[in-house]
Amino acid sequence: MRLPRPGANATVGGSVMSDLPADISHDQHAVRRQKLAELRAVGIDPFRANFAPTHFSGDAVKAYVDGQENTVPVAVAGRLVVIRDMGKSQFVKILDQQGQIQLYVKKDVVGDEAYAIFKKLDLGDIVGAKGTLFKTKTGEVTVRVDSYTLVSKALRPLPEKWHGLSDPEQVYRQRYLDVIVNSESRERLLLRSRIVSQVRRFLEDRKFIEVETPVLESTAGGAAARPFVTRHNALGVDFFLRIATELRLKRMLVGGFDRVFEVGRIFRNEGVSRRHNPEFTMLEVYQAYSDYRGMMALIQEMLTSLVRDVIRPADGSLKIKHAASGQDIDFGGTWREVRYKDLIKEATGDAGWFERPKAEKISRAEALGLSINPSWEEFEITNEVFSKKIEPTLIQPTFVTHLPKELCPLAKLNPDDPSVLDVFELTIGGMEVAPAYSEQNDPDTQREMFERQAGEEKQNIDQDFLLALEHGMPPAGGMGVGIDRLCILLTGAESIRDVILFPQLRPGAPAPEAGKS
RNA sequence: GGGUCGAUAGCUCAAUGGUAGAGCAGCGUCCUUUUAAGUCGUUGGUUGAGGGUUCGAAUCCCUCUCGACCCA
């Protein structure tokens, strides 16, 4: 600790800091403000102090050399999360980006004054320590502290050390506390960063180029979803927040960016649930001169690499525990490929399903326990069967192919059976993880599809996209991967909120005013 | 939007109509290799907000806020 020079206003020996007034001893915020004032009174400003760590905690532990006690110097910094005070020495633990490391602070090493101030530090304070590595008698690599610096004072107490923070509302609103005290949350959210990083590396290794396209769009296309609307004041127009990146990325295929991808935030003005957040992250990938079969190989390789290199199952397999079903999801081997129609026939037990009139489809769907809106089109009734009765049962990685043409207006029709599409929908763990298409690049067919979908609302058609297609888009495979859902799957999370740092919540009660208790 | 459940000390939780408690944290002691450290003592509450019933409400009723789960 940077002690004041001799002659400054520090008390020498004994208690450097005065005892606290008894009447505030119950109020941890007030106590900490009092301590801050007393630190400043002896010439220490913990918000100005600087400290340069040489190691993160994990790297410091690795730097320990067996048998070399107190010879390897390190400087580490982090938040105090454990304090074990033994009178004239203390074991404490600090938390940084890599985790925790133990520090051993002895009075006769750091000196009486510095030790007296150290004893006044609180859980939650951020400290830097310089010292050397040793192993305790229980075998824990620990920093024997020669000197320390209070880097930042924490004026609020941490949640309870053993149970952590469990109030879900506080976990989401004050995620910074959750990741300090709940190591599972920390690990899960760090894993998400590694997953995204590996996705980028995987694609870049295959010569894909990452691009950034607009969030503000005058036409919200590329998917069927209700958009958020916002206002641009200077231009005097409304914009939509994008609901997909598809149409922008395909323009770049026209422009000769043959392999492009975007990891983009998508906004859909719809409900919030365990599987839905109004803003979420989607990877979209487009590869010229490929098709949906090419995308199949790409996604299988990508997910396999994520399991193998990021998740790294302990037994060396490519299996991940699926929290909801208790099954192991096996990413190894050949993935199942099955036609949409065959799944429908199987689930309904009706080989003639697709030939039946609408009324019979409705009654048979209702017999399966589904509630059907009579105004739905037949393909919508069928798809309700798929999403409610089939999708949740597809736990192992499954490519569902040959979807009905009504389901995606941006895909190519199957040349042998134009009632279905050259697409797949990859389903894992009962969730749709990645749809992929042979992309429609015929501008006239695309226009027809758009017009049929738009109905009366022709103004919603992205005419500029159609113009781009008329300039010629190479045949291409494309796919979208819901990154949040992928993270749910790979990290064994129960809710999308567990893999999003700050999930959307209603505005809550205002936080206590700074300085107030 | 509907249904169910929940909100009590900084945190994790008790208390089912009759004096709001515990553990951790805090505060004050003891302890120079601890591992949820141990030890002795101790402070701390507008029971989410508002209204009602009652001699008496954390507890029962109503409204609201926020959240979780399920459904749409």
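Each chain gets a letter, A, B and so on, in the order its sequence line appears, and its residues count up from 1.
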> By ring pair (Phe, Tyr, Trp, His ring centres under 6.0 Å), which residues pair with Tyr340(A), not counting sequence neighbours?
Replying inline: Phe386(A)
>> Near RNA chain B, counting only heavy atoms under 4.0 Å, which residues of residues 138-146 of chain A show up?
In response: Thr138(A), Glu140(A)
> Would the number of heavy atoms belonging to other residues, nucleotides or ligands and lying under 6.0 Å from NZ of Lys358(A) be above 12?
Replying inline: yes
> Looking across every strand, which nucleic acid part, if any, lies under 4.0 Å from Lys161(A) by heavy atom: base, sugar-phosphate, or nothing?
Replying inline: sugar-phosphate
> Does Ser166(A) have a side-chain nitrogen or oxygen under 4.0 Å from the phosphate oxygens OP1 or OP2 of rC13(B)?
Replying inline: yes
>> Counting only heavy atoms not in Arg312(A) (residues, nucleotides, ligands), do more than 12 fall under 6.0 Å from its CZ?
In response: no
> Below 3.5 Å, does any donor atom in the side chain of Gln28(A) face an acceptor in the base of rA25(B), or the other way round?
Replying inline: yes
>> Need one value for Arg32(A): base, sugar-phosphate or nothing, where a base atom within 4.0 Å counts as base even if backbone is also close, heavy atoms only.
In response: nothing
>> Which nucleotide, if any, forms a Watson-Crick or G-U wobble pair with rA7(B), using both distances under 3.5 Å?
In response: rU65(B)
>> Is it the case that the side chains of Gln504(A) and Tyr172(A) hold a donor-acceptor pair, with the cut-off being a distance below 3.5 Å and no angle test?
In response: no
> Picking from rG26(B), rU12(B), rU33(B), which would you name as closest to the side chain of Asp167(A)?
Replying inline: rU12(B)
>> Counting only side-chain heavy atoms from C-beta out, which of rC69(B), rU35(B), rU32(B) sits nearest to Arg497(A)?
In response: rC69(B)
>> So Phe134(A), base contact, sugar-phosphate only, or nothing? Heavy-atom distance under 4.0 Å.
In response: base
> Which part of the nucleic acid does Gly271(A) contact within heavy-atom distance under 4.0 Å: base, sugar-phosphate only, or nothing?
Replying inline: nothing
>> Using Watson-Crick or G-U wobble geometry with both distances under 3.5 Å, which nucleotide pairs with rG1(B)?
In response: rC71(B)
>> Tell me which nucleotide, if any, is Watson-Crick or G-U wobble paired with rU19(B) when both distances must be under 3.5 Å.
In response: none
> Mapping His163(A) and Ile83(A) onto RNA chain B by nearest heavy atom, which one lands closer to the 5' end?
Replying inline: His163(A)
> Which one is paired to rC27(B), where only Watson-Crick or G-U wobble pairs with both distances under 3.5 angstrom count?
Replying inline: rG41(B)
> Counting any heavy atom closer than 4.0 Å, what does Asp85(A) reach on the DNA or RNA strands: base, sugar-phosphate only, or nothing?
Replying inline: base
> Once the angle between the rings of Phe424(A) and Phe399(A) is folded into 0 to 90°, is it parallel (under 30°), tilted (30 to 60°) or perpendicular (over 60°)?
Replying inline: perpendicular
> Just wondering, are more than 12 heavy atoms of other shown residues or ligands nearer than 6.0 Å to CD in Gln327(A)?
Replying inline: yes
>> Heavy atoms only, 4.0 Å cut-off, all strands: where does Leu505(A) land among base, sugar-phosphate and nothing?
In response: sugar-phosphate
> Between Arg242(A) and Glu217(A), is there a side-chain N and carboxylate O pair less than 4.0 Å apart?
Replying inline: no
>> Between rA25(B) and rC11(B), how far apart are the two C1' atoms, rounded to whole Å?
In response: 7 Å
>> Base of rU34(B), side chain of Thr136(A) - is there a donor-acceptor contact under 3.5 Å?
In response: yes
> Of all the nucleotides listed (rU43(B), rU32(B), rC24(B)), which has the minimum atom distance to the side chain of Lys106(A)?
Replying inline: rU32(B)
>> Between rC31(B) and rC40(B), how far apart are the two C1' atoms, rounded to whole Å?
In response: 12 Å
>> For rC11(B) and Gln170(A) - does any side-chain N or O of the residue sit under 4.0 Å from the phosphate oxygens OP1/OP2?
In response: yes
> 5'-most contact on RNA chain B: Tyr104(A) or Arg506(A), nearest heavy atom basis?
Replying inline: Tyr104(A)
>> Quick check for you: among rC69(B), rU33(B), rG67(B), whose closest atom lies nearest to any side-chain atom of Arg173(A)?
In response: rG67(B)
> When all nucleic acid strands are considered with a 4.0 Å heavy-atom cut-off, which category describes Val181(A): base, sugar-phosphate, or nothing?
Replying inline: nothing
> Take atom NZ in Lys319(A); do more than 12 heavy atoms of anything else shown fall under 6.0 Å from it?
Replying inline: no
> For atom C1', what is the distance between rA57(B) and rG45(B), given to the nearest Å?
Replying inline: 16 Å
>> Quick check on rU34(B): is either OP1 or OP2 less than 4.0 Å from any side-chain nitrogen or oxygen of Arg84(A)?
In response: no
> Can you check side-chain contact (heavy atoms from CB on, under 4.5 Å) on Gln34(A) and Val31(A), steps first, answer last?
Replying inline: CA-CA 5 Å; Gln34(A) 174 81 24; Val31(A) 166; 5.6 Å; no
> Can you find an N or O donor on one side and an acceptor on the other, under 3.5 Å apart, linking the side chain of Asp27(A) with the base of rU43(B)?
Replying inline: no
